[in-house]
Structures are given as structure tokens and as C-alpha cells.
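Notes follow the structure.
Per chain, numbering begins at 1; letters A, B, ... match sequence-line order.
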Amino acid sequence: MGKYTIQVYTERCTGCLRCELACSDLYTKTFNPSKARIQVTATGLDCMIRFTGECNYCGVCVDHCFYDALQKEEKVAVNE
Amino acid sequence: MNRGGFAGKVLYVDLTDEEIKQEPLDFSLCEKFIGGLGLTVKLAYDNIEPGNDALSPENPIVLGAGPFVGTNLPATSRVYAVTKLPSSGTIGWCGGGGMNFGCMLKNAGFDHVIIKGRAQKPVFLQIFDDDVQILDAESLWGKGVEETTEALWQEFGRPAGVIAIGRAGENKVVFSMAYIDRLSTLGRGGFGAVMGSKNLKAVIVKGSQGIEVADRKRYRALNKDFLQTIREYPYLKEWQELGMFKSFPMASELYDPIKKRRIACVSCPIGDKDVVEIPDGEYKGLVKCTTSATNLFTPLIHGLSDYRESIKCVTILDEYGLDKFEFFGLMGFVKNLGDQGIISKDQLESEVDSGSIQSIETWAGKISNREGLGDIMADGFNGILKHFGEGAVPYAPPLVRGMLPYAGPGGSISWNLFGTMELGQVLDPRGPHVGSGGSPTYFAKRPLEVFPRHLRRMGVPEETIARILPRLDSPDQEQILNVGRLLKYSHRWFTILGSMGICARAQINRFYNAALCADLYEAVTGIETDLEKLRKRVDRVWTLLRMDFIKNGKYQGRVWQKRRRLT
Ligand code: SF4
Ligand code: SF4
Ligand code: SF4
């Protein structure tokens, strides 16, 4: 699994799909929202953000969100 | 070098013969006409035949999205449509913030769509990658813009881009528009009527093919720096939160109580579209998605006094798909004619009052459904002038080519803000529209000291800056701005943005400059480009647009219809 836990603030999301563009660019080398591992559905008043099973929580989509709708925190290693 | 940016195909749809074909995009044309607006103008030039009526089946609709659309360059979603428009009878280049439409069209594999003919019954066009179909729209016909868009999203899921018309477009009202994803307006001057004349209720697009860029390494380097510049912009948060309300002193009073969510076109870091909800009163709970919350208050200028009624009013006009500038202009004109007895009380049927929401609702319905006097009003100012003859002329507001100018004596924006947009709307055979003069970015009364920086950004040569601002070297003298000269460069800049697919709104275009556009274009498309080459291509586009106007000749309406002194 990736380095981060990702927090989602749907009320700030504008549906700009910058996260989907960034994710698909990184993993498929094309800008292709349908291949992104984050899926945003902004319908007006409501908004849904979900991560697909393929997401490795690398946090790149967070870096491309300009609206603070996604935020990441580094995972803390826990000593057993 | 690889080709990038372009999806690679043009879709041709003939609604009469129900014929659909796809052709590869001719890359030699991209090298000449850039893409987006530029290529749309070229395809329109090749496909619009002189002499055909705007509402005839032969008049094609040419849609296009530029090579940056679908990438993650900031605010690159712009969609263009070129067709002959019914209000002026000449070529209209119509642009809109593309929301999901541009990105989805490109992902479906198409840079352009050309729609000709007339379906026998109401249809919508479905473009889902290679699955392109003309489908029955009987159940959508008669529905409003938002209702139609939501119904299509409900059926086909999201993300999908939708261009739809309302009742006004269906009934070929000459000031009807189409809407992208139910909120971006497309085509002042009757684009909605052109779709309606084809029995085309909507176009829905979805795609999964992806957009590549030619030189990934260079693209990433340029984009990284660029995004950083935007992140560091001190007013970023303010723009994101307030948009155009930023310049309104009463912003929080009006905006805070209704604000629900900001919306952005795909890839836009400074989205300025809105979802609002009326918090109380008769229309409590009404949710409205709009291209800008400031728009919702325009009816207050025209006579409504309650802001909730104002939002309700825009909702009504948007659902029908009516251009509100023309609507309010016509309401005033018809009222004048009634007061003067030129229109009799019987003909008026119902009170005409821009200060009453009931009257607005009644007349918006009559116009959109072409009922009674509404049928004449549906043909715009020219329709009324034709019907009531010379006697009506003195009571008309000042018009540009039969339409109400944004700024001018009696227009919505105060007359002393005369700038490139206002001059552009007089010179453009199409008449007033938001793109005239290269967007309203440069208006007089802005402090002239800010101009040189913007002009350099737009790629204007130094010697020309001195001709646009001839007293720049004499700071003691009153400064003057040569709007006419500026207009040429404003058009050029607007054409660069539009052809690449970049939004022209002020808060976006301020981050771009012509040299950066040339570099980005080369990185995205792989087409060798520098500032000089870009200028040549842009001038080619603009020249072709003018040739298009000449080729299509005749347009209706005087340039400036003077108000006669009343005796
Ligand atoms: S965290 Fe990484 S893999 Fe997951 S959606 Fe974001 S960019 Fe894609
Ligand atoms: S999460 Fe952020 S980047 Fe993704 S759509 Fe929402 S606002 Fe845009
Ligand atoms: S500024 Fe507005 S119109 Fe332009 S891309 Fe952003 S959201 Fe769309």
C-alpha cells in the first residue's frame, strides 16, 4: 500500500476532475478520466468521491486538487 | 515526434439521411489553423454554403474542442460552435466553458463534429466512443434545459457532457441559446434555434480513449512551473470562493445566504460556476446551477426588487433557453409600444412588466411557445419592427444588428466602459456576443498603467504597444488608449486561447502568455511552433473568419439603430 491516507471533503469539490486527470496520466500515460483510480461524481448539490480497488494511495491526485477537497497524511509506521 | 493533443477524428452526422461517418482529422489543417476555434472556423468555411438560411437543414453546426482540451493544463475545457445564426443571418462563432463536454468529446475520439440536415422527428445525438447513434427524443421534447440534461444523465450516467436546448430553441426563437451541462450558455443570436430547426434536442458525449501529449517530459516541466505560479497567486482563494463577486462590494450580503457549492469546468483550478439554493420565502429550496452567481442578479437591474424572484426569473429563462439580455430588452420595447398605443390592449393580452415575476413568467412562456404576441416577440427586435412598421422604430432601444448591445446607451453595462468588447460587437457582423472583441477583459476605465504588462503577455510587439498607448512616454499628460488598435490584438489573443482550448475568463487568461502558449502547444501537439508561427496561424484564422462573413454576405439589421428624439 502507498504512503498516505487520504481524507475527502466532498463539500469543497468542484467536479473539476483534475484528480482523475493526474491519476490517469501517472498510471496510463494518457489523460483519461475513465481509467483514473479516483472517481468523482459531482451532481449539483451532492458530490461523491470514491477510490477504486486499484488505488495505491500514492497521493498524486491530492497534489493536483486546487480546492482542498482531498488531503493526505503520511501513514505512521507502528512498531509492533 | 509523436502527435499529441488531438483526438484524431471528425464526426459527420446527417440528420436527414440518418448517416453517420467518421473521418481522420487532416493534420495538415492543424498545422495551419491550430485547432479548436481555428479549425472550427476552417471547417465552417468549408461546410457552410452561401445563400442557405440559418434555419434550413443545409446549415451545418460545426462543433470543436482544441488540442489542450482533455489535458490537465489549467482551465482547458473550451468548446466552440460555428454555424449561421438566425438573428443576424451571418456566421456566429459561439464559445462556452466546456464543463465535461469538451473533455468527453475528445475522449470519445473526436476533435470536431459536423451536424447537418433535419431529423423527421425530435432526436438526440449520442456519442459514446465509436457508438454514435441518432436516438428518439420524443420524451425530452418540451422539457427545459436542466430537465433534459438531468434526464440524460439519469439514463446514461456521469461523467458525460450534454449540450441541450429548451422550449425556445425547439420553437426557433431567434434569441434562444443552447446550454452545456445545463449551465454554460452557447450561442447568443439563436444557436438554440439552429438546433431546434434540426429537431435536435441534445447531444450527449462520453469517452474512454484518453488524450496523449507529444512530448511528455517537456509538458510536465512546463505544466509543473505553471501550476506552481497559480498556487502562489495571492488572490487564488478569493477568486475560488467569490469569483466575479470579488469585485462587488455587496458580495457577502447577496452571495453568502445562497451559496452551496462552486463548480468548475474540467481541469479548471479557479472554477467560477455555482450551485445556489434559495434559503427562504416563496421559492425556498429552489436549487439553481449557474454559469456565474452574479448572473442571477441581473434581473434586479431590469426591475425586479427581490433577489429570490431574481433567481427564480433566471431559472425560468434558462429552462426555456432564452437569452435574458434580449428578453428584457424586448419586454421594455413592447411595454413602450403598448404605452404609445402602437400595440393595442387586446393585442397585449397580459401586462408586460419586467418588475413582476408573474409577468416575466407569462411572457417567457408565450415567447418560447410562440403564443399570440409572443410569436412576434420570438422573432426578436427585427420581428417586432417588421410587424409594427416604421411607427415602432423611435421606441426601440439602441440596437446593434437587431440585438441589444451589452454596453451602450440603454444596454445592461454602463456606456462609459467602452472597450474592445463594445467596439467588437459593432464591427462583428454577428453583433453583440460575449466573445466580441476578444472577451470583456479590456475595458476602458481600467488604469492604463496595467495595460503594457497585459499587452506583452498577449504577445503584442513593443512598437505596437507604443501605438496602442501613444502617450505612455509622457506620464504628465492624460493617457489615452487606442481601442481600435487594441482590438486587433485582443482578437488575436482570444483566437490563441480559443484555438488551443483555454478559457478566456480574466482570472484564467491572466496566467497564460503567448510565448507560453506556443511552448505548450509544441509540447502537447508536436507541431513546431514559436511566437511568430503562432501569430501567422492566428491571423490566418481571423482572416478566414472574415472571409466567411464576406462569403455568406448579407446580414440583417443596421449596425447601430439610432433612437429618434421623441416629440
Ligand atoms: S492516490 Fe494515487 S492511485 Fe490513488 S487515485 Fe490518487 S493518484 Fe490514483
Ligand atoms: S477532488 Fe479536487 S481535483 Fe478532484 S474533482 Fe474534486 S475538486 Fe477537482
Ligand atoms: S473560469 Fe469558469 S468558465 Fe473558465 S474554465 Fe474555469 S469554471 Fe470554466
Using the side chain to side chain contact (heavy atoms under 4.5 Å, CB included) rule, take B:Leu227 and A:His64 through it: C-alpha gap first, then chi angles, then the decisive distance, then the call.
-> CA-CA 9 Å; B:Leu227 292 174; A:His64 283 261; 4.0 Å; yes
Where does B:Leu183 contact chain A at under 4.5 Å (heavy atoms): side chain, backbone, both or neither?
-> neither
Between A:Thr30 and B:Glu212 the two heavy atoms that sit nearest each other are CG2-CG, 3.3 Å
Determine, stepwise, if the pair B:Tyr219 / A:Phe31 fulfils ring pair (Phe, Tyr, Trp, His ring centres under 6.0 Å).
-> CA-CA 13 Å; B:Tyr219 175 90; A:Phe31 294 104; 5.7 Å; yes
Toward chain A, the part of B:Arg262 with a non-hydrogen atom under 4.5 Å | both
At a heavy-atom separation under 4.5 Å, does B:Asn100 approach chain A through its side chain, its backbone, both, or neither?
-> side chain
Residue selection (most heavy-atom pairs with chain B, distance under 4.5 Å) from A:Gln39, A:Arg18, A:Glu11 = A:Arg18
Measuring heavy-atom distances to chain A, does B:Asn72 have an atom under 4.5 Å in its side chain, in its backbone, in both, or in neither?
-> both
Inter-chain contacts: residues 20-28 of chain A against chain B, heavy atoms under 4.5 Å = A:Leu21, A:Asp25, A:Leu26
Note: B:Gly210 and A:Asn32 closest approach over all heavy atoms is N-ND2, 3.4 Å
How many angstroms lie between OG1 in A:Thr14 and CG in B:Asp272, if you round to the nearest 0.5 Å?
-> 10.5 Å
Atom group of B:Val287 that falls short of 4.5 Å from chain A, counting heavy atoms | side chain
Specify which of A:Cys65, A:Gly44, A:Cys47 makes the most heavy-atom pairs with chain B at under 4.5 Å.
-> A:Gly44
Chain A contacts, top residue of B:Gly70, B:Cys289, B:Gly207 (heavy-atom pairs, under 4.5 Å) | B:Gly70
Where do B:Gly271 and A:Tyr67 come nearest, in terms of heavy atoms and distance?
-> N-OH, 2.7 Å
Check step by step if side chain to side chain contact (heavy atoms under 4.5 Å, CB included) holds for A:Lys29 and B:Arg216.
-> CA-CA 9 Å; A:Lys29 295 197 168 36; B:Arg216 279 177 63 80; 3.8 Å; yes
State, yes or no, whether a side-chain contact exists between A:Ser34 and B:Lys206 at a heavy-atom distance under 4.5 Å.
-> no
Would you check if the side chain of B:Arg158 reaches a backbone N or O of A:Thr41 as a donor-acceptor pair within less than 3.5 Å?
-> no
Applying a strict 4.5 Å limit to non-hydrogen atoms, the region of B:Met99 in contact with chain A is neither
B:Lys237 versus chain A, the contacting section by heavy-atom distance below 4.5 Å = side chain
Using a 4.5 Å cut-off on heavy atoms from C-beta on, say whether the side chain of A:Cys16 contacts that of B:Ser267.
-> no
On the ring face of A:Phe66, is B:Arg231 found with NZ or CZ under 6.0 Å from the centre and within 45° of the axis?
-> yes
So which of B:Glu277, B:Lys273, B:Glu241, B:Gln209 has the biggest tally of heavy-atom pairs under 4.5 Å with chain A?
-> B:Gln209
Near B:Tyr235 OH, under 6.0 Å, is it more than 12 heavy atoms from other residues, nucleotides or ligands?
-> no
